[in-house]
Structure formats: C-alpha cells, structure tokens
Amino acid sequence: MRKLLNTLFVTQPDVYLSLDGGNVVMNKEQEKLHRIPLHNLESIVCFGYTGASPGLMGYCAERSISIVFLTMNGRFLARVIGESKGNVTLRKTQYRISDDEEKSAEIARNFIVGKLFNNRSIIDRMARDYPMRVDVEQFKKASKSLLSSIREIRECTDLELLRGWEGQAAISYNRVFDDMILQQKDNFYFRHRSRRPPKDNVNAMLSFAYTLLANDMAAALETVGLDAYVGFLHRDRPGRASLALDVMEELRGVYADKFVLSLINRKEMTADDFVKKENGAVLMTDESRKTFLSAWQMKKQEKMTHPYLNEKMSWGLVPYAQALLLARFLRGDLDEYPPFLWK
Amino acid sequence: MANNSEETYLMLSGLQHFQFCKRQWALIHIEQQWEENVKTVEGQHLHQKTDQPFIREKRGEKLVVRAMPVQSRELKLSGICDVVEFVQDESGVELHDSPGKYIVHPVEYKRGKPKKNDADLVQLAAQAICLEEMLLCKVDVGYFFYNEIKRRVEVSLTEELKDSVRDIARDMHQYYERRHTPKVKTGTFCKSCSLQHICLPGLMSKRSVKSYIEGSLAE
Ligand code: SF4
C-alpha cells in the first residue's frame with residue numbers, strides 16, 4: 001500500500017494560497033505566512049472563503065493532491081478535480097451498474113453489511129470494555145439484532161428493502177449510542193441525528209467528522225479513476241458525491257463515530273468548545289475546530305491491519321484501500337466488493 | 001481490426017511492459033493507472049526528446065538523428081526512436097534532403113550495462129519494422145548503446161525476431177480492443193514491479209470475498 005501523506009488544513013478565511021516552485025505558499029495581505037512543500041501533501045482543505053491560484057490548482061490536480069473548499073462550519077462548497085484518471089471503461093462500467101437497480105443492490109448491500117458489522121463491533125467492544133458502565137443487556141440485544149439484519153441483508157437484492165433494513169438497524173444502533181458517551185453527560189448526549197443545522201454538541205461534531213471523511217472518500221475514489229458522484233446505494237442528485245457517501249457507510253461508525261466518542265470520553269473537547277446560535281444551531285468555536293482537526297490528523301496516522309488485504313496501514317489510507325478494492329471489483333478481479341470489516 | 005486510423009495505434013514503448021507482465025501493460029496503457037515513478041521517468045524521457053526533435057548531426061559518412069517519431073501501419077504502433085543512424089552506403093536508400101544513399105540503424109540508449117533481455121530486443125526490432133515501412137528499406141542491424149560503459153553492441157534484427165514482434169503487437173491489440181486488464185499469474189517478478197501498489201498482486205491469490213464475509217460473520 002502506498003504511504004499516507006499529510007493534509008493541510010487552512011482555517012483562516014482571509015488567506016490566499018499560491019504556488020511557488022513545488023511549494024504551496026499561504027499569503028495574508030501581501031505577507032507570506034507559510035510555505036510547505038507539496039510533495040508531502042495528500043490534500044488541502046480550506047475553511048471559509050480562502051482563495052487559491054489556478055496555478056496551484058493545476059499543479060495539485062495533476063498530482064492527485066485534492067483541494068477542497070468548505071464553509072467556515074465545514075459545509076462542502078467545491079472540490080478541485082483535474083482531468084479524470086483511468087480509462088473511461090471503468091467509469092462506463094460504474095455507470096452501467098448504477099443504472100441497473102439489481103446490480104447496484106448487490107454492491108450496495110456490502111456497504112451496508114460493512115456498516116452494520118462495524119457498528120456491531122463497536123457495541124460489542126463497549127460492552128466488553130465497560131461492563132460496569134453500560135447496560136450490557138441492552139447492548140447484547142442491539143448486537144444481536146444487528147447480526148440478524150446483516151444475515152437478511154446478505155440475501156437482499158432490492159434497493160428499497162435494503163434501505164429499509166438499514167433504517168431498522170440504525171434505530172438499534174442509535175438507541176445505544178447515547179450510552180457510549182461515558183463522560184460529561186450533562187453537555188454531551190445523543191437523542192437523534194440532526195443535520196441542518198446540528199442542534200447539539202454531539203451532532204455538531206458528527207457532522208464535522210462526516211464531512212471530513214466524505215471528502216477523503218471522494219478524493220480517494222477519483223484517484224483510482226471512479227466517479228465520486230455516481231453511486232449505487234445513494235442515487236444521483238446534483239452536487240452530491242453519492243459514491244463517496246456509499247462507500248463511507250462502512251466507515252461512519254468505526255471511523256467517525258468512534259473518533260467523536262473518544263474526544264468526549266477523553267475530555268479532549270468540552271462544553272466550552274461550542275456556541276449555540278439563536279436558531280438553535282450549534283457550532284464549534286474556531287479554537288475547538290483546530291483541536292478537532294489536529295486530533296483527526298493523529299487518528300489518520302494511527303496504524304491497523306486491513307482485514308481483507310491483511311496489510312498494515314494507517315487509518316487515513318482506508319478510504320483509498322476501499323476505493324481501490326471497489327475499482328478492482330468493477331474490473332472483474334474479485335467475486336464481490338470486500339467491505340472493511342473491523343473487529 | 002478494420003480501422004487503421006492512427007488513433008488506434010498503441011505506444012511502441014508498451015512492448016516492454018507487455019512482455020514484462022501483460023497486466024502491468026494493461027494498467028499503464030488501458031487503465032492509465034500509473035505510479036509517479038513510471039510516469040515521471042517516462043515523462044522526462046519524452047520531454048528531453050520532444051524538446052529537440054530532429055536534431056541531426058553529420059559525422060563524416062554518418063547522419064545521426066535524435067528523437068525520431070516513428071510508426072508502423074502494420075504493427076499499429078507508434079513511438080519515438082532515441083537515435084537513428086544513417087550510414088552512407090551504395091546499397092542503401094535515398095533520403096529526401098541529403099545527397100547519397102544510406103543504410104539505416106536504430107540505436108537504443110541503455111542506462112546500465114549489457115544484459116540479456118528479450119524485451120529490449122523486441123523493442124529495437126519494432127523500431128526497425130517502423131523504419132523499414134517509413135523509408136522503404138531493409139533494416140537488418142541495430143545497436144544498443146550502454147551509457148555506463150560507453151560502448152555499443154551490434155544486434156542482428158532477423159526476420160524471425162520481427163515475426164515475433166508482429167505476434168506480440170497483434171496480441172496487444174486484441175487485449176486493447178477488449179479494454180481488458182488480464183488477471184495474470186503473479187510471481188517473484190512482481191517485487192520489481194513499480195505498479196504493485198496499484199495492481200495489488202496479493203489479490204490474485206486471496207480467498208474469495210464471499211468466504212471473507214461469511215468467515216467474519218461466523219467468528
Ligand atoms: S504487480 Fe505483478 S502482476 Fe501486477 S502488474 Fe506488476 S508484475 Fe504484473
């Protein structure tokens with residue numbers, strides 16, 4: 001597997017990025033702030049209305065360094081994508097399958113199998129590691145119900161049914177999710193998912209983590225030559241990276257949720273890190289966003305063994321590994337798409 | 001392969017990839033998936049050349065032309081010859097802008113020392129076929145120039161060798177027509193392959209995904 005490089009997060013909105021030799025230069029009001037060699041970078045993520053020169057964009061596009069523009073709160077604005085990599089044949093295969101509901105379902109179900117499998121692992125681990133803190137009976141029940149859903153889903157070739165099963169499973173998982181918050185219960189709780197806008201601290205963090213993960217996923221898919229916008233489970237919708245959302249299903253729990261839980265349980269984020277707007281929207285403060293991003297970077301560098309490839313790699317490469325495996329499946333090298341099954 | 005337009009031509013330099021590993025060739029030439037090192041090396045290669053196309057030197061009886069674009073309708077391949085030498089000889093062919101008659105030799109530059117390598121030979125023979133077609137002549141001899149020892153080695157480009165080039169080129173086109181990346185037997189040669197991180201040769205011998213999933217569920 002290739003090496004994981006760094007991500008440059010630009011959190012100041014009034015910074016302009018330009019290219020100088022093989023470096024990205026951050027300028028603020030004619031003044032150079034930093035200079036970073038691009039060969040060390042995997043991606044650049046800009047928050048707020050940061051600007052970047054076309055020269056820099058071209059350089060990065062050619063070298064598969066992704067540049068993403070997000071609003072200050074992490075909502076997606078745009079991604080710079082160069083000439084698409086890979087042969088059109090791969091994309092045509094992707095489009096053909098996407099148009100075929102049954103074939104789509106066969107792939108989509110493995111995304112869901114992966115998601116439920118991993119969520120179940122999270123629950124089992126929690127019950128094992130904190131038997132005195134959580135309601136073990138409740139956890140065992142959730143775990144069992146996820147397992148039986150997985151068995152049904154393995155046989156399911158209908159997209160609508162599949163979504164139904166998934167919704168069912170989400171209820172079991174969400175029911176115990178709040179119980180996995182072991183610290184700071186007064187300020188951190190999970191009732192249900194609220195997105196636009198997130199209405200509590202936990203949802204604010206989840207939204208932010210999902211955005212970061214979705215961007216990594218989309219970039220990884222484009223790198224292996226797939227079209228991040230044409231999905232199998234999520235149907236096409238303008239401006240939505242459906243395939244990125246598809247493959248991300250497997251990683252939401254094990255990557256993003258677990259990350260958010262550990263920030264709370266280790267008290268790396270506290271109530272002071274959030275502000276509540278008049279309309280009930282909860283936002284992370286500028287400072288806390290930095291804390292969050294640097295913890296996210298650390299998480300990406302952490303190593304584990306990929307369950308299917310049996311290879312040691314960093315967490316940050318998992319989106320790439322799954323994208324590569326999906327491409328290999330579409331190419332006909334594999335009998336099924338192998339989801340990331342974390343134990 | 002009815003269509004003989006130049007757009008269907010494949011890269012002559014692909015011959016060596018194809019012989020090394022058909023899958024590697026397909027990854028590079030069909031899927032256009034390549035790792036930075038292959039890309040940059042080939043890129044630089046091309047750059048140096050195209051920066052100075054048709055530079056010709058006259059050295060006494062010899063005319064030396066660098067970076068000569070060549071192609072063959074028969075092989076449906078096109079590429080660039082490092083160096084082509086034209087040596088004045090009564091038995092040769094006429095060139096349109098130089099007086100006299102010449103015999104033609106392709107010369108391939110190699111970084112290292114001489115080693116027996118069929119892939120290199122095939123490459124040179126393919127260049128010879130291109131030159132024969134373009135100049136209407138016979139090309140029976142080519143050279144490898146080894147940079148490390150600054151020496152050239154003469155190679156005889158036999159009909160037999162050229163026939164094997166024709167077979168390989170036909171094979172290549174068949175794969176290309178199907179846009180098919182073959183699953184090939186992997187081997188120790190994968191260790192020296194610059195595409196192993198993309199190819200994932202380990203996948204070829206992996207258990208089925210079905211048993212991976214069922215196995216994980218059973219544990
Ligand atoms: S890793 Fe092995 S099988 Fe794959 S392209 Fe390279 S040589 Fe061929």
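A quick note: this is a predicted structure, and the numbers were derived from the prediction, not measured. Within every chain, numbering begins at 1; the chains are lettered A, B, ... in the order of the sequence lines, protein sequences first and strands thereafter.
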Exercise. Could you state the interatomic distance from CH2 (A:Trp342) to OG (B:Ser216), rounded to the nearest 0.5 Å?
Worked result: 13.5 Å
Problem set entry | Residue pair A:Leu324 / B:His197, side-chain heavy-atom distance below 4.5 Å | no
Seminar exercise, completed: One should read off an interatomic distance between B:Cys199 SG and A:Arg328 CZ, to the nearest 0.5 angstrom, of 6.5 Å
Problem set entry | side-chain contact (heavy atoms from CB on, under 4.5 Å) involving B:Val139 - partner list, sequence neighbours excluded | B:Val104, B:Pro106, B:Ala128, B:Leu131, B:Glu132, B:Cys137, B:Leu157
Exercise. Mind checking whether B:Ile213 and A:Phe117 have side chains closer than 4.5 Å, heavy atoms only?
Worked result: no
For this session: Could you tell me the separation between the CD1 atom of B:Ile198 and the OG1 atom of A:Thr223, rounded to the nearest 0.5 Å?
Result: 10.0 Å
Seminar exercise, completed: Residues passing the side-chain contact (heavy atoms from CB on, under 4.5 Å) test with B:Thr181, sequence neighbours excluded, are A:Arg331, B:Arg23, B:Ala26, B:Leu27, B:Glu31
Exercise. Does B:Arg179 reach the side chain of A:Lys92, with side-chain heavy atoms less than 4.5 Å apart?
Worked result: no
Exercise. Heavy-atom count around A:Glu302 CD within 6.0 Å, excluding the residue itself: above 12?
Worked result: yes
For this session: Determine whether more than 12 heavy atoms belonging to other residues, nucleotides or ligands lie under 6.0 Å from atom CD of A:Gln168.
Result: no
For this session: Please name the pair of heavy atoms, one in A:Asp335 and one in B:Lys210, separated by the smallest distance, quoted to 0.1 Å.
Result: OD2-N, 3.3 Å
For this session: Of all the heavy-atom pairs spanning A:Pro338 and B:Val209, show the shortest one and how long it is.
Result: CA-CG1, 3.5 Å
Exercise. Given a strict heavy-atom distance threshold of 4.5 Å, which part of A:Ile150 is in contact with chain B: side chain, backbone, both, or neither?
Worked result: side chain
For this session: Could you tell me whether A:Lys141 atom NZ has more than 12 heavy atoms of other residues or ligands within 6.0 Å of it?
Result: no
Problem set entry | Nearest atoms (heavy-atom pairs only) where B:Tyr212 meets A:Pro339 | OH-O, 2.7 Å
Problem set entry | Segment of A:Leu325 engaging chain B (4.5 angstrom heavy-atom cut-off) | side chain
For this session: Check whether A:Phe329 gets within reach of chain B through its side chain, its backbone, both or neither, counting any heavy atom under 4.5 Å.
Result: neither
